[in-house]
Amino acid sequence: HHAMLDAAAKACDVSASQRWLSKLLHAGFAVDTRAMTSYLDAFAKVGDHANAAVWFKTLVVRGVVPDRETFNTMMNAAAKAASLRTAEDWFQKMLAHQIRPDASTYEILVHAAAKAEDPCAARRWFSVLV
């Protein structure tokens with residue numbers, strides 16, 4: 001089931017991802033961090049930050065612990081929705097969870113700033129990256 005969820009997410013197929021997540025939950029499987037991130041990635045790829053945020057909360061309440069990839073995925077969802085502020089909020093949440101950002105994290109923030117047409121923020125995040 002996890003592999004099917006991952007494949008659906010990579011194909012940007014949100015409805016198939018939802019079906020596979022439901023199957024996992026109804027079959028009593030624990031949803032791990034990898035599955036959570038794959039599921040959220042389906043929303044991120046189509047720029048649906050709102051649903052990604054709802055499911056992030058839902059899965060955390062169920063006990064799934066987010067990792068760097070999970071937070072990067074949430075920042076990417078915000079970036080695709082051209083919401084720099086939201087991407088930066090997720091960055092702060094990542095830090096609050098004591099998760100260290102990586103180069104991908106900063107690349108996503110540069111992308112979010114570019115999508116939001118904020119060159120000052122893009123330069124600021126790029127300077128942290130290099």
Side-chain angles (χ1 to χ4, degrees):
H1 292 296
H2 284 91
M4 296 306 293
L5 174 60
D6 194 45
K10 284 182 179 166
C12 303
D13 190 340
V14 174
S15 62
S17 294
Q18 288 174 321
R19 281 194 307 276
W20 284 108
L21 181 64
S22 290
K23 287 181 182 190
L24 281 169
L25 294 173
H26 290 315
F29 287 101
V31 176
D32 62 9
T33 303
R34 188 177 68 83
M36 173 190 191
T37 303
S38 290
Y39 184 64
L40 297 175
D41 193 46
F43 291 108
K45 286 180 177 175
V46 298
D48 187 354
H49 175 266
N51 275 316
V54 167
W55 277 101
F56 179 94
K57 258 187 209 175
T58 300
L59 293 169
V60 167
V61 166
R62 286 179 157 268
V64 183
V65 178
D67 63 6
R68 179 180 15 249
E69 277 303 307
T70 310
F71 282 102
N72 283 350
T73 297
M74 294 306 297
M75 283 183 267
N76 192 42
K80 291 213 177 193
S83 180
L84 173 60
R85 182 183 191 137
T86 304
E88 290 175 334
D89 287 346
W90 283 108
F91 178 76
Q92 291 304 319
K93 290 175 186 173
M94 172 192 252
L95 296 178
H97 277 81
Q98 299 181 331
I99 297 172
R100 176 176 253 174
D102 62 4
S104 294
T105 305
Y106 294 108
E107 288 170 2
I108 293 165
L109 290 164
V110 170
H111 174 70
K115 288 280 286 187
E117 298 180 4
D118 188 336
C120 292
R123 271 192 300 278
R124 179 171 36 91
W125 287 115
F126 184 75
S127 71
V128 176
L129 177 61
V130 293

Open item on the list: Nearest 0.5 Å, please: how far is CE in M36 from CH2 in W55?
Closed with: 11.0 Å
Task: From D67 atom CG to H97 atom NE2, the distance as rounded to the nearest 0.5 Å - done: 11.0 Å
Open item on the list: Between R68 (side chain only) and I99 (backbone N and O only), is there a donor and an acceptor less than 3.5 Å apart?
Closed with: no
Task: Derivation and outcome, side chain to side chain contact (heavy atoms under 4.5 Å, CB included), residues R123 and C120 - done: CA-CA 5 Å; R123 271 192 300 278; C120 292; 3.6 Å; yes
Task: Cluster link W20 to L25, ILVMFWY, side chain under 4.5 Å - done: yes
Open item on the list: Distance check, rounded to the nearest 0.5 Å: K93 atom NZ versus M74 atom CE?
Closed with: 7.5 Å
Task: Value rounded to 0.5 Å, distance of CD1 in I108 from CH2 in W90 - done: 13.0 Å
Open item on the list: Assigning hydrophobic clusters by single linkage (Ile, Leu, Val, Met, Phe, Trp, Tyr; side-chain heavy-atom cutoff under 4.5 Å), is Y39 placed with V65?
Closed with: no
Task: Heavy-atom closest contact (S17 atom, A42 atom, distance) - done: OG-CB, 3.5 Å
TODO: Only one of T37, T33, D41 passes side chain to side chain donor-acceptor pair (under 3.5 Å) with T70; say which it is.
DONE: T37
TODO: State, without any angle test, whether T86 and D89 hold a side-chain donor-acceptor pair at a distance under 3.5 Å.
DONE: no
Task: Exercise: identify the closest heavy-atom pair between A116 and A82 - done: CB-O, 4.0 Å
Task: Modelled atom types, side-chain donor and acceptor of N76 and T73, under 3.5 Å - done: no
Task: Nearest heavy-atom neighbours spanning A122 and V110 - done: O-CG2, 3.9 Å
- [ ] Report the C-alpha separation of D102 and N72 in whole Å, then their side-chain angles, then the decisive distance to 0.1 Å, and conclude whether the side chain to side chain contact (heavy atoms under 4.5 Å, CB included) test is met.
- [x] CA-CA 9 Å; D102 62 4; N72 283 350; 3.4 Å; yes
Task: Within-4.5 Å side-chain heavy-atom neighbours: P66 and L59 - done: no
Open item on the list: Could you see if V46 belongs to whatever hydrophobic cluster contains V54? Use Ile, Leu, Val, Met, Phe, Trp, Tyr and a side-chain cutoff under 4.5 Å.
Closed with: no
Open item on the list: Quick check: closest heavy atoms across H111 and A79, and the distance to 0.1 Å?
Closed with: CD2-CB, 3.6 Å
Task: Straight-line distance of E107 CD to W125 CH2, nearest 0.5 Å - done: 13.5 Å
- [ ] Assess whether side chain to side chain contact (heavy atoms under 4.5 Å, CB included) is satisfied between F71 and T105, documenting all intermediate values.
- [x] CA-CA 8 Å; F71 282 102; T105 305; over 6 Å; no
TODO: Calculate, to the nearest 0.5 Å, the distance between atoms CE and NE2 belonging to M75 and H49 respectively.
DONE: 10.5 Å
- [ ] Check the surroundings of atom CZ in R62: do more than 12 heavy atoms from other residues, nucleotides or ligands lie under 6.0 Å from it?
- [x] no
